[in-house]
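As structure tokens, the structure follows; a few thoughts come after it.
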2 protein chains.
Amino acid sequence: MADRPYPHGNLRAALLEQAERTLREQGLDQLSLRELARQAGVSHGAPRRHFADRQALLDALAEAGFARLGAELREAVDAAGSDYEARLRATAAAYVRFAVHDAALLELMFAGKHREQQCGALHDAADRAFAVILDLIEQGQAGGMLERGDPERVGLLLFATMQGIAALVSAGLVDTDLVDGLVADAIGQFLHGPRALA
Amino acid sequence: MADRPYPHGNLRAALLEQAERTLREQGLDQLSLRELARQAGVSHGAPRRHFADRQALLDALAEAGFARLGAELREAVDAAGSDYEARLRATAAAYVRFAVHDAALLELMFAGKHREQQCGALHDAADRAFAVILDLIEQGQAGGMLERGDPERVGLLLFATMQGIAALVSAGLVDTDLVDGLVADAIGQFLHGPRALA
DNA sequence: ACCTGAACACCGTTCAAGT
DNA sequence: ACCTGAACACCGTTCAAGT
């Protein structure tokens, strides 16, 4: 209740930031435009100037989520050593970390219900996150660590596997202490095929 | 507006059935207890006798969703021929079909927010769906089509991959005409390793 | 045992009015 | 250009009362 970090002119950013925090700490159900306005110290009609309706805010959150996911994946790759399997593993681990830390946000990012309008921006943000994986695939193929093949197809498969593991974890269908093993299995299978699991 | 198919005594089943339809046709946002009560021809307080609150209804929907998913996977396996790769492919195709037909329901099934109470029943239903995949893995290992290895770990990986593909499709991040290829890639990679993608 | 109906607090959205 | 504040329709939840 001290000074507002956004005295003015930044209402849109303030709403998004607080919304992301609420989403993380209390879930989508508790995310209300009126409460966000209250926390920002403006009237309940004010957010309308920046977001046409609640869904527009959710779309913007999802877009920002993909941007941040892409950045975190990129960081993980860059921080990993030169060993290719370690780079893959670090990427997958970063993905799962994001999924655990921002489960509700990830749900929102993959929620089917998105506006046609924002859908373009959302799709672009998702593509930029996917580009990290794509780069990794091309790098692996160039270095001979991965078989040749359409990088997009191979990358989509890796992307899907990571998202699937994230979903199982977020849903609580797999115990958290099994996650690391599952990620390792996924990367091993991806690189070396079924015999990696034997 | 004709006769109610549930004159009485089946309110719980009627609510669940209508809720699943609304979820499919209009999405989670449009699912309201009051509207369900209206469609069932009862007062808005009546559902409370069968579901403590809205979340309890959603939990029940998710549980029923896993039960149906399991049944549809089982049917797909049984309807497929004896060729093992075809059986795997049919299972994955059935999963994606479910995801496309009931995207909002699948979202609900994997939504983190589930009650402790219902969580047991939900987990059991999910386990029964997973059992179909587990059987398939054990069958593949016994027949020599799959490498040996903890069937649970191998099965989880396949489960995650299917869920990941489903998520990408539901989110609209991959065009529907690429789905079949992606499923084929996933199964090929799962059975034969990376060289299947070259 | 199951349902009704009034009540309460809250929400998203709209819009005329202010600065 | 941006925000206010009253208004409207709708919702989830509670609870005393009915049968």
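Basis for what follows: all heavy atoms, side chains included, without hydrogens, waters or symmetry-related copies. Chain identifiers are assigned alphabetically (A, B, ...) following the order of the sequence lines, protein sequences preceding nucleic acid strands; residue numbering begins at 1 within each chain.
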Rounded to whole angstroms, how far apart are [atom1] on [X] and [atom2] on [N]?
{"X": "A/Leu31", "N": "C/dC10", "atom1": "CG", "atom2": "C1'", "value": "15 Å"}
{"X": "A/Asp53", "N": "C/dC11", "atom1": "CG", "atom2": "C1'", "value": "14 Å"}
{"X": "B/Arg54", "N": "C/dA9", "atom1": "CZ", "atom2": "C1'", "value": "17 Å"}
{"X": "B/Gln55", "N": "D/dC11", "atom1": "CD", "atom2": "P", "value": "18 Å"}
{"X": "B/Leu15", "N": "D/dG12", "atom1": "CG", "atom2": "C1'", "value": "15 Å"}
{"X": "B/Asp29", "N": "D/dG12", "atom1": "CG", "atom2": "P", "value": "12 Å"}
{"X": "B/Leu33", "N": "D/dT13", "atom1": "CG", "atom2": "P", "value": "6 Å"}
{"X": "A/Leu57", "N": "C/dG12", "atom1": "CG", "atom2": "P", "value": "10 Å"}

Measuring from the side chain of [X] (C-beta onward, heavy atoms only), which nucleotide among [options] has the closest atom?
{"X": "B/His50", "options": "C/dC3, D/dT14, D/dG12", "value": "C/dC3"}
{"X": "B/Glu35", "options": "C/dT13, C/dC3, D/dC11", "value": "D/dC11"}
{"X": "B/Arg48", "options": "C/dT13, D/dC11, D/dT14", "value": "D/dT14"}

Please write out each protein N/O paired with an N/O of nucleotides 4-8 of chain C under 3.5 Å, distance rounded to 0.1 Å.
residue, atom, partner, partner atom, Å
C/dT4, OP2, B/Ser43, N, 2.5
C/dT4, OP2, B/Ser43, OG, 2.7
C/dT4, O5', B/Ser43, OG, 3.4
C/dA6, N6, B/His44, NE2, 2.7

Quick one: side chains of residues 152-168 of chain B, donor-acceptor pairs under 3.5 Å with protein atoms, not counting sequence neighbours, listed by atom name and distance.
residue, atom, partner, partner atom, Å
B/Arg153, NE, A/Asp185, OD2, 2.8
B/Arg153, NH2, A/Asp185, OD1, 2.5
B/Arg153, NH2, A/Asp185, OD2, 3.2
B/Thr161, OG1, B/Leu157, O, 2.8
B/Gln163, OE1, B/Tyr95, OH, 2.8

Are A/Arg24 and A/Leu105 close enough that some pair of their side-chain heavy atoms sits under 4.5 Å apart?
no
Just distance, no hydrogens or angles: give the donor-acceptor pairs under 3.5 Å from side chains in residues 64-73 of chain A, sequence neighbours left out.
residue, atom, partner, partner atom, Å
A/Arg68, NE, A/Glu20, OE2, 3.4
A/Arg68, NH1, A/Glu72, OE2, 2.9
A/Arg68, NH1, A/Asp102, OD2, 3.4
A/Arg68, NH2, A/Glu20, OE2, 3.1
A/Arg68, NH2, A/Asp102, OD2, 2.9

Please name all residues satisfying salt bridge (Lys or Arg N to Asp or Glu O under 4.0 Å) with [X], sequence neighbours left out, ordered by chain then number.
{"X": "B/Asp127", "answer": "none"}
{"X": "B/Asp53", "answer": "B/Arg115"}
{"X": "A/Glu75", "answer": "none"}

Sequence-distant partners of B/Asp135, side-chain contact (heavy atoms from CB on, under 4.5 Å), two or more places apart:
B/Arg74, B/Glu138
Would you mind checking if A/Arg89 and A/Glu85 are paired as a salt bridge, meaning a charged N to carboxylate O distance below 4.0 Å?
yes
Review item, side-chain donor-acceptor pairs of residues 28-37 of chain A, under 3.5 Å, at least two apart:
residue, atom, partner, partner atom, Å
A/Ser32, OG, A/Arg34, N, 3.4
A/Ser32, OG, A/Glu35, N, 2.9
A/Glu35, OE1, A/Arg38, NH1, 2.4

May I ask you to verify if any side-chain N or O of B/Arg38 is less than 4.0 angstrom from the OP1 or OP2 atom of D/dC11?
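Affirmative; the distance criterion is met.
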Dot-bracket encoding per residue of DNA chain D, Watson-Crick/G-U cut-off under 3.5 Å, | denoting interstrand:
||.|||||...|||||.||
